[in-house]
Number of protein chains: 2
Amino acid sequence: MVETAILLDSLRKAGLRITPQRQAICELLATSHEHPTATMIYETLKSRFPSLSLATVYNTLEVLVRLGAVNVLGNAGDGMAHYDADTEPHINLACVSCHKIVDFPSQYVQFLDEEISAASGYRVLGARVLYYGLCPECQQKTPMARRRSDHDDRGNNA
Amino acid sequence: MVETAILLDSLRKAGLRITPQRQAICELLATSHEHPTATMIYETLKSRFPSLSLATVYNTLEVLVRLGAVNVLGNAGDGMAHYDADTEPHINLACVSCHKIVDFPSQYVQFLDEEISAASGYRVLGARVLYYGLCPECQQKTPMARRRSDHDDRGNNA
DNA sequence: TATAAACTTGTATTCATTATAAACAAAGTT
DNA sequence: AACTTTGTTTATAATGAATACAAGTTTATA
Ligand SMILES: [Mn+2]
Ligand SMILES: [Mn+2]
Ligand SMILES: [Zn+2]
Ligand SMILES: [Zn+2]
């Protein structure tokens, strides 16, 4: 569980103002477990903030990522970047068919993280530990041993 | 070290033809250690194949990813997707400043991989294990404890 | 209340990626 | 060999997420 306060604090510590929009975006990021995209955040909040602009969502996300408070997982088959406010080491499992992303806890990621920070020489700003494939539900829907020419849903990529 | 033959075989096994373009793209992917983008592949090969189209590069990459022979690491701060023909479990370290991506070997990733395949219920098609930050060289170039309003090079994201 | 700085918003722009259709090439058929 | 089918490449157009920009709004400080 991510604390909204942690995100807000990182904004504050960077000398940035806590506006109602930023507050709401941080709250949504911290509360949600669905690894939202910029558009998803925008759609969810615009009922509460009718004047909200998509640009503000992108701006806020960019700041949070730069501060290391949020990670970008990238495209999950739907052509847009998904964000994760949980920066604790964990694995994300993305389904390339229904585009849901779930968390998968693993003891090894912790070690991994420490190893990299210690031995790589990099100043690590964030991570993108994401496995992609077909979730159990979507495996049902698909006629099983999917043959080569099965033209399933369009591309994926980064 | 990745074998070109492995990539070509996965095309063959999928019933696809080994054209000179595909052969060259697979060769470059297998040989290169720089996690190239579609454009990088295109630029590199167009001297040898003056008629090569960027569309062919994208098409071939899409097929290889769908077959699980290549992983998409995504945007490394330069706005385009980077590809990795090494599907063995390993960590990729991306520099958000110079956009280079290097491999980092870790024993833990192996365990991680096995754990996910065994316990998640997902049919895993690929992975995107990427840490991003500043490489040792770029840490020099940057005035150290980079303050908030330091407007460095533009965004990053997925 | 001024004045400046930070922030939001609406819109225009960019550009990586995808879609489309026409030319080309290989393999099979008569 | 000529015809046909099917897969591939190429050139170009279209898409749309992300970004840039300029104008308006809020907040801070004097
Ligand atoms: Mn997560
Ligand atoms: Mn790699
Ligand atoms: Zn699914
Ligand atoms: Zn660097």
Side-chain angles (χ1 to χ4, degrees), chain A residues 8 11-12 14-26 36-43 45-46 48-66 70 72-83 99 148-149 151-158, chain B residues 8 11-12 14-26 36-43 45-46 48-66 72-83 96 99 147-158:
Chain A
L8 295 176
L11 290 178
R12 249 189 295 265
L16 301 169
R17 294 185 191 152
I18 310 298
T19 66
Q21 294 87 336
R22 284 176 178 167
Q23 163 115 22
I25 292 168
C26 289
T37 65
T39 306
M40 288 163 69
I41 295 173
Y42 173 70
E43 295 293 338
L45 294 181
K46 82 173 166 195
R48 185 143 56 104
F49 294 88
S51 78
L52 182 66
S53 165
L54 190 51
T56 299
V57 177
Y58 275 110
N59 289 340
T60 304
L61 287 170
E62 197 248 328
V63 169
L64 289 170
V65 169
R66 210 178 48 220
V70 162
V72 196
L73 302 181
N75 179 338
D78 51 2
M80 38 191 145
H82 289 252
Y83 294 83
H99 311 142
R148 47 196 155 85
S149 53
H151 60 83
D152 55 356
D153 60 323
R154 275 307 96 238
N156 34 344
N157 303 11
Chain B
L8 295 176
L11 290 178
R12 249 189 295 265
L16 300 170
R17 293 187 193 149
I18 309 299
T19 66
Q21 294 90 333
R22 285 176 177 166
Q23 163 116 25
I25 292 168
C26 289
T37 65
T39 306
M40 287 163 70
I41 295 172
Y42 173 69
E43 294 295 338
L45 294 181
K46 81 172 166 196
R48 185 143 55 104
F49 294 88
S51 78
L52 182 67
S53 164
L54 190 51
T56 299
V57 177
Y58 275 109
N59 288 341
T60 304
L61 286 170
E62 196 248 329
V63 170
L64 289 169
V65 169
R66 210 176 50 221
V72 196
L73 302 180
N75 179 339
D78 51 1
M80 38 190 146
H82 290 252
Y83 295 83
V96 299
H99 311 142
R147 266 145 308 128
R148 46 196 156 87
S149 52
D150 283 345
H151 60 84
D152 54 356
D153 60 324
R154 276 303 99 242
N156 34 346
N157 305 10

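Below, chains carry the letters A, B, ... as their sequence lines are ordered, and counting in each starts from 1. Just so we're clear, the structure is a prediction, and the values are computed from it rather than from any experiment.
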**Q.** Phosphate contact (D/dT19 OP1 or OP2) by A/Tyr58 side-chain N/O below 4.0 Å
**A.** no
(Q) Tell me every residue that passes salt bridge (charged side-chain N to carboxylate O under 4.0 Å, His left out) with A/Arg12, counting only those two or more places apart in sequence or in another chain. (A) A/Asp9
Expressed in angstrom and rounded to an integer, what is the separation of [X] atom [atom1] from [N] atom [atom2]?
X	N	atom1	atom2	result
B/Leu61	C/dT17	CG	C1'	12 Å
B/Leu54	C/dT20	CG	P	18 Å
B/Asn75	D/dG16	CG	C1'	16 Å
A/Met40	D/dG16	CE	P	18 Å
A/Gln23	D/dT26	CD	C1'	16 Å
A/Lys46	C/dT8	NZ	C1'	17 Å
B/Met80	D/dT19	CE	C1'	15 Å

Q: Taking all non-hydrogen atoms of both residues into account, name the closest pair between A/Gln21 and A/Leu52 and its distance.
A: CG-CD1, 3.8 Å
Q.
Checking the side chain of B/Asn75 only, and the main-chain atoms of B/Asp78 only, is there a donor and an acceptor separated by less than 3.5 Å?
A. yes
Q: Could you tell me whether the side chain of A/His99 and the main chain of A/Gly77 form a donor-acceptor pair under 3.5 Å?
A: yes
Q. Mind checking who D/dA30 pairs with, Watson-Crick or G-U wobble, both distances under 3.5 Å?
A. C/dT1
Q: Check side-chain hydrogen bond (donor to acceptor under 3.5 Å, both in side chains) between A/Glu43 and all other residues, then give those that pass, not counting sequence neighbours.
A: A/Lys46
Q: With sequence neighbours excluded, tell me which residues meet side-chain contact (heavy atoms from CB on, under 4.5 Å) with A/Ala55.
A: A/Ser53
Show each protein N/O and nucleotides 3-12 of chain D N/O combination with a separation under 3.5 Å, one pair to a line.
residue, atom, partner, partner atom, Å
D/dT8, OP1, B/Arg17, N, 2.9
D/dT8, OP1, B/Arg22, NH1, 2.7
D/dT9, OP1, B/Thr19, OG1, 2.4
D/dT9, O3', B/Gln21, NE2, 3.0
D/dT10, OP1, B/Gln21, NE2, 3.4
D/dT10, OP1, B/Ser51, O, 3.0
D/dT10, OP1, B/Ser51, OG, 2.5
D/dT10, OP1, B/Leu52, N, 3.4
D/dT10, OP2, B/Ser53, N, 3.1
D/dT10, OP2, B/Thr56, OG1, 3.1
D/dT10, O5', B/Ser51, O, 2.8

